Amino acid sequence: MKDRPDQERFNHQQVDKKWQARWLQTKRYQITGPVSAADKAYILDMFPYPSGEGLHVGHPLGYIGSDILARYMRARGKKVLHPMGYDAFGLPAENYAIKSGLHPAVSTNQAIERFRQQMQKIGLSYDWDREVNSSDPDYYRWTQWLFLKLYEMDLAYRAKAPVNWCPKDQTVLANEQVKDGKCERCDSLVLQKELEQWFFRMTSYADEYLTGLADLDWPEPIKLMQRNWVGRSEGALVSFPMEGGSKTIEVFTTRIDTIFGAAFVVLAPEHPLVGELTTSMQAAAVTTYVENATKKTPLERTSAVDQTGIFTGSYALNPLTKERLPIWISDFVIGGYGTGAVFGDAHDERDFAMAKRYDIPLKVTVLPSDNRQKEPILALEVCFTDDGVLIDSGAYTGLTSAEARPKIIEELQKSGLAQPKVQYKLRDWLVSRQRYWGAPIPIVYCQNCLENSKFQIPNSKIDWAEINGEKFAIIPIPEDQLPVRLPMDIDFRPTGESPLARSTEFHHAVTCPKCHKQARREVDTMDTFVDSSWYFLRYISPHDQRQAFDREEVKNWLPVDWYVGGAEHAVLHLLYSRFMTKALADGGYLTFREPFTRLRNQGLILGEDNRKMSKRWGNVVNPDEVVSLYGADALRCFEMFMGPFQDSKPWSTNGLIGVRRWLERVWRLTKRLAISDQRLGEDNKRLQNLLNKTIQKVTSDIENFQFNTAISQLMILTNGLEKETSIDKATWQTFFQLLAPFAPHLAHELWEKSSFSDFPDESWPEVDRAALKDETIIIPVQVNGRVRGQLKVEPEMPKETLIQIAKELPTVGAYLKDKELKQTIVVPGRIVNFVIL
RNA sequence: GCCCAGGUGGUGUAAUUGGUAAACACGUAGCCUUGAGGUGGCUAUGGGAGCAAUCCCGUGGAGGUUCAAGUCCUCUCCUGGGCACCA
């Protein structure tokens, strides 16, 4: 029978299994003693939420990229820490439990089991002994410990605040979880509600989030999003005294230069002075307006096109001009930003629209830009040209408004009329959740302790909380009593109060750790983002029963060198992790202030129909099927070959087949090519150069996360090898080494089959410098910028020779004949260009 | 509305950073192999003119800089993402 190529097929199932089993048997790197920053590589993937649906083909894109990097770094002799875990607390498991009755702990563990198997099938080289699971008491115990530390450091506090309330999920949402005024998860319109909640003081590091970005190797768009999120603006606080009253209205402005043109003052409906300022004449109208405004959902409020408002009946005085300014209320002013009050003037679109609507007289004169030099201008009035140039405010003639601002503030500060102020959009982080499936907040509320504290020395600070009108002392659970375990048998249907409140045992059968009288527990759980804000520390000593992380080992391994994950975490998770790191550093637990040195984002893999992969569209591709049909290496290489790592791109089974075809060709090469012990001879410069180029390209491409072109280059090398009949051993080995990070199963198998010794895990090919030269290259010859011929030349050929032989090309000569040569441009090794008239 | 990122063949994309546009694949066509099938092999494949050598056009659009532009500048259109009454 004829020896048909397809009888030599690469049996990926067998090969995958063999090498995956080997990885699991391998004793992985054990952390011992100090590791220098230069020797280590902490390569981390954002840990997944283990959903019941398992991974689809888009999830592992990032894992494959980081795995290639990890394998490459090991080959380079680095000590690599490459762990994986599960962000296992959270709403979906709880919602699923409500629907199916299956306890979240059970469904979550099933999902984790499945995730792990799926990841192992792809051949991801994680250190499986280091898995963490945020819903495990051994983990959340330390999340609770962290809460206590923040509380000690006054970075966790309890406050009454208007909170985003999702009526469907019956829970409070963080600002970050509200999208377009709707719940991020269930799309219900979000309402506002006043509740006492736990907050983390994110804002204490507002400036550091900005300055710290300078030293981080992160994608620029992500940095920008963080900057926008922090939303720093410099301006001034100005006090507007009330006419005929003792109170003043504090106003924040970034446009102090427009203060002379202030025409009215606007308060947010929530502003505390609203009641006091409203005259009896206006009382009814104001009450109606304020009620309507607070009833509105955030969406309704932000989507309003008109600047509606209501006059309070009172007046304030411009502190500079002493002019009477009517005080209005409008819901375009946000209670939670700045001072919740603004002054209105003509330069601002919203102010302008409102003034127009209610016929409030404006005070700024806007002059056409060709009118700059004209007089006269009222003594204290600020005038602008219509392109925003300040032309007169007395002392600052000729300055742009941006130039004038700091000077005006300085001037006003001298007379006590204003003070500089930096304002941030960033808010503190609301971490309380009225949900079951999360880490319990380690606090009890004790009435007895509050009573007793009245008799203590006046200065002893005791925090108290108000729950349903009753007052309690806030008592943190002592560290050695952690974890506060989540009760397992509980009715977790949402009713608006935390499900934990329904557990008598959890809620009431508790004694105060301080006075040992009966107390009640905090029944809220923590936002799952708290769990994920520190998990990268737990991987260092995941089984440590005495501490959250081993401080010495953390010093060795952190910060994370490469962090790989989706861009959807640009602000939330990444900012929370930065906050936690800074807080722990201030607490003396860490010696660094930024958790992630490098960040790389992977793109989305869309369905073959170019839509987001989802059950709803029926376009989900399961990696298990791909792996069993085409092999783990085909999946890995194809996902890397599809396009730039960070881009979104549609799945294509045909493309996958193409990559599989390539691996098959590599497999067959081993059959066909004779292997010689001789080094490549001088006669095979072509192959030598190709090999060198491939080493260079694959190496730099991996380091730059340009895996798609690395695969292309490996394909080019394969095409080159196919032209040979025999090959030297060294070339062959180099090829397998280069292939190994991408297609580890195939590469290891081929190495072994070729009867080389054990695969060298800590070795990476070097470019053979001596071989890297003397190949002729082809360069274009242009006439007037158009290619008219090609030249085969030595790279080092001198200019004069180049010009001469270029002129002799028949195709070029024809153009140059009888023409005056104006200029000749020669870039050696690149191009020759003749410029003629 | 504001701020980013990006528009290159039928498709995914590449381009040594200003130097032969389309590498590497997919798809398609023809041929080969096979009893058959294709996750097998070979060849061709941007558009147009021509028997051909060869020529013209071509990187969303319009201008510009340059010996030379996918790459730089100005304006403009479209797509994706983020923020959104932040004073």
Side-chain angles (χ1 to χ4, degrees), chain A residues 2 4-10 12 180 219-225 227-229 231 233 235 251-255 258 266 301-307 330-334 336-345 347-351 353-354 423-426 567-568 570-571 604 629-631 634 638 641-644 646-665 668 693 697 706 708-709 711-716 718-719 778-790 810-811 814 822-825 827 829-836:
Chain A
K2 205 167 170 193
R4 287 169 50 206
D6 53 336
Q7 285 169 336
E8 304 275 354
R9 292 198 52 204
F10 162 38
H12 64 258
D180 296 326
E220 235 10 87
I222 302 283
K223 288 189 179 184
L224 201 72
M225 278 159 78
R227 275 185 209 112
N228 291 339
W229 195 262
S233 42
V251 167
F252 173 71
T253 180
T254 55
R255 292 297 307 270
T258 66
V266 195
R301 218 167 134 172
T302 54
S303 62
V305 252
D306 306 322
Q307 266 64 41
S330 174
D331 60 7
F332 82 77
V333 178
I334 305 162
Y337 182 78
T339 61
V342 302
F343 68 79
D345 84 313
H347 93 275
D348 185 280
E349 255 182 69
R350 297 157 305 174
D351 299 349
M354 179 151 163
Q423 185 68 46
Y424 301 91
K425 287 186 203 169
L426 183 75
E568 68 274 16
V571 276
L604 233 53
L629 238 55
Y630 303 97
F638 174 58
F641 183 62
M642 286 171 79
Q646 67 285 352
D647 285 7
S648 288
K649 52 237 157 188
W651 180 259
S652 151
T653 301
N654 276 330
L656 171 72
I657 288 168
V659 169
R660 164 70 200 203
R661 214 136 58 189
W662 165 57
L663 295 174
E664 199 82 56
R665 286 202 336 255
R668 280 198 304 266
K693 194 185 170 190
K697 181 115 181 90
Q706 288 163 341
N708 54 334
T709 48
I711 303 251
S712 292
Q713 187 59 41
L714 287 168
M715 286 173 171
I716 293 169
T718 308
N719 294 345
I778 295 169
I779 62 167
V781 180
Q782 299 181 334
V783 179
N784 280 354
R786 287 173 177 277
V787 181
R788 298 299 179 188
Q790 289 182 341
T811 45
K822 235 177 96 186
Q823 197 186 352
T824 307
I825 287 124
V827 184
R830 277 287 152 76
I831 199 162
V832 179
N833 188 11
F834 297 106
V835 185
I836 57 175

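Remember, it's a predicted structure, so these values are computed and weren't measured experimentally. A, B, ... follow the sequence lines: proteins, then strands. Residue 1 opens every chain.
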Heavy atoms from other residues, nucleotides or ligands near CD of A:Glu568 exceed 12 (cutoff 6.0 Å):
yes

Given atom CG of A:Asn719 and atom C1' of B:A25, what is their separation to the nearest angstrom?
10 Å

Would you indicate what A:Ile778 reaches in the nucleic acid, counting non-hydrogen atoms under 4.0 angstrom: base, sugar-phosphate, or nothing?
base

Scan nucleotides 2-12 of chain B against the protein and return all N/O pairs shorter than 3.5 Å with their distances rounded to 0.1 Å.
unit_1	atom_1	unit_2	atom_2	d
B:G12	O2'	A:Met642	O	2.5

With a 4.0 Å cutoff (strictly under), does any side-chain N or O of A:Tyr424 reach OP1 or OP2 of B:C86?
no

For A:Gln790, report the nucleic acid contact type (base, sugar-phosphate, nothing); a contact means any heavy atom under 4.0 Å.
base

Distance check, P atoms only: B:C73 and B:C26, in whole angstrom units.
37 Å

Give the rounded distance in Å between these two atoms: CZ of A:Arg786 and P of B:U54.
16 Å

How close or far is atom P of B:U20 from atom CD1 of A:Ile779, stated in whole angstroms?
11 Å

If you measure from the C1' atom in B:G1 to the same atom in B:G63, how many Å do you get, rounded?
28 Å

Would you mind telling me which of B:G19, B:A25, B:A23 lies closest to the side-chain atoms of A:Ile831?
B:G19

Classify the nucleic acid contact of A:Asn708 as base, sugar-phosphate or nothing, counting any heavy atom under 4.0 Å across all strands shown.
sugar-phosphate

Closest to the A:Asn654 side chain: B:G27, B:A14, B:U17?
B:G27

Please report, rounded to the nearest Å, how far the P atom of B:G82 is from the CD1 atom of A:Ile222.
11 Å

Which label fits B:G9, syn or anti, where anti is any glycosidic angle not within 90° of 0?
syn

Among the nucleotides B:G82, B:C85, B:C67, which one has an atom lying closest to any side-chain atom of A:Asp331?
B:C85

Here the gap from A:Gln646 atom CD to A:Gln706 atom CD, rounded to the nearest 0.5 Å, amounts to 8.0 Å

So what does A:Val251 touch, heavy atoms closer than 4.0 Å: a base, only the sugar-phosphate, or nothing?
nothing

Can you tell me which nucleotide in B:A87, B:A25, B:C67 comes closest to the side chain of A:Tyr337?
B:A87

Interatomic distance at C1', B:C72 relative to B:U17, whole Å:
11 Å

Taking the chi torsion of B:U17, is it syn (within 90° of 0) or anti (everything else)?
syn

Atom CG of A:Asp345 and atom P of B:C85: how far apart are they, to the nearest Å?
20 Å

With a non-hydrogen cut-off below 4.0 angstrom, is A:Arg788 in contact with a base, only sugar-phosphate, or nothing?
sugar-phosphate

Could you work out the separation of B:G46 and B:U33 based on their C1' atoms and round it to a whole Å?
31 Å

Roughly how far apart, to the nearest Å, are B:U34 and B:C24 at atom P?
29 Å

Does the pair A:Met642 and A:Asp647 meet the rule for a side-chain contact (heavy atoms from CB on, under 4.5 Å), with working shown?
CA-CA 9 Å; A:Met642 286 171 79; A:Asp647 285 7; over 6 Å; no

Measure from the side chain of A:Val787, starting at C-beta and using heavy atoms only, and say which of B:A87, B:U20, B:G82 lies closest.
B:U20

Closest to the A:Phe332 side chain, choosing from B:C24, B:C85, B:U39
B:C85

Look at all strands and tell whether A:Val835 reaches a base, only sugar-phosphate, or nothing, counting heavy atoms closer than 4.0 Å.
sugar-phosphate

In whole Å, what is the span from the CG atom of A:Leu656 to the C1' atom of B:U39?
9 Å

Output, in order, the C-alpha distance, side-chain angles, deciding distance and verdict of side-chain contact (heavy atoms from CB on, under 4.5 Å) for A:Met715 and A:Phe641.
CA-CA 11 Å; A:Met715 286 173 171; A:Phe641 183 62; 3.9 Å; yes

Distance check needed: B:C24 P versus A:Lys697 NZ, whole Å only.
13 Å

At 4.0 Å (heavy atoms only), tell me whether A:Asp647 reaches a base, stays on the sugar-phosphate, or touches nothing.
nothing

Pairwise C1' distance for B:U13 and B:G64, with rounding to whole Å:
30 Å

For nucleotides B:U79 and B:C42, find the distance between their C1' atoms and express it as a whole number of Å.
40 Å

Donor-acceptor pair, distance only, cut-off 3.5 Å: does the side chain of A:Asn784 make one with the backbone of A:Ile836?
yes

Taking only the side-chain heavy atoms of A:Ser712 (C-beta and beyond), determine which of B:A87, B:C85, B:C24 contains the nearest atom.
B:C24

Approximate separation, where rounding is to 0.5 Å, of A:Ile657 CD1 and A:Thr653 OG1
6.5 Å

Rounded distance in Å - CD (A:Gln706) to P (B:A23)
19 Å

List the steps, then state whether side-chain contact (heavy atoms from CB on, under 4.5 Å) holds for A:Asp351 with A:Phe332.
CA-CA 10 Å; A:Asp351 299 349; A:Phe332 82 77; 3.5 Å; yes

Salt bridge (Lys or Arg N to Asp or Glu O under 4.0 Å) filter on A:Lys697, not counting sequence neighbours, yields A:Asp701

Measure from the side chain of A:Val333, starting at C-beta and using heavy atoms only, and say which of B:A87, B:U13, B:G41 lies closest.
B:A87

Using every non-hydrogen atom in the two residues, find where A:Val787 and A:Pro780 come nearest and quote the distance to one decimal.
CG1-CB, 4.2 Å

Where each residue is assigned the nucleotide of RNA chain B containing its nearest heavy atom, which of A:Met225 and A:Val342 is assigned the position nearer the 5′ end?
A:Met225

Touch check for A:Ser330, heavy atoms < 4.0 angstrom, all strands: base, sugar-phosphate only, or nothing?
nothing

Minimum-distance nucleotide to A:Arg830 side chain [options: B:G19, B:A14, B:U39]:
B:G19

Quick check: does any side chain N or O of A:Glu664 sit under 3.5 Å from a backbone N or O of A:Phe10, one acting as donor and the other as acceptor?
yes

Taking the side chain as everything from C-beta on, heavy atoms only, tell me whether A:Phe638 gets closer than 4.5 Å to A:Ile711.
no

Determine whether any donor atom in the side chain of A:Gln713 lies under 3.5 Å from an acceptor atom in the base of B:C24, or the reverse, and answer yes or no.
no

Strictly distance-based, threshold 3.5 Å: is any side-chain N or O of A:Arg660 a donor or acceptor partner for the main-chain N or O of A:Tyr630?
yes

Rounded C1' spacing from B:U8 to B:A23 in Å:
13 Å

Contact class for A:Gly658 (heavy atom, under 4.0 Å): base, sugar-phosphate, or nothing?
sugar-phosphate

Any chance you could encode RNA chain B as dot-bracket? Rule is Watson-Crick or G-U wobble with both distances under 3.5 Å; [ ] for pairs crossing earlier ones, | for another strand.
(((((((..(((......[....)))((((((.......))))))((((....))))..(((((..]....))))))))))))....

Given B:A23, B:G41, B:A25, which nucleotide is nearest the side-chain atoms of A:Arg668?
B:G41

Check every strand shown and say whether A:Ile716 touches a base, only sugar-phosphate, or nothing at a heavy-atom separation below 4.0 Å.
sugar-phosphate

Can you check whether A:Ser233 has a side-chain N or O nearer than 4.0 Å to OP1 or OP2 of B:A87?
yes

Applying a 4.0 Å non-hydrogen cut-off, can you work out what A:Ser652 is touching in the nucleic acid: base, sugar-phosphate, or nothing?
nothing

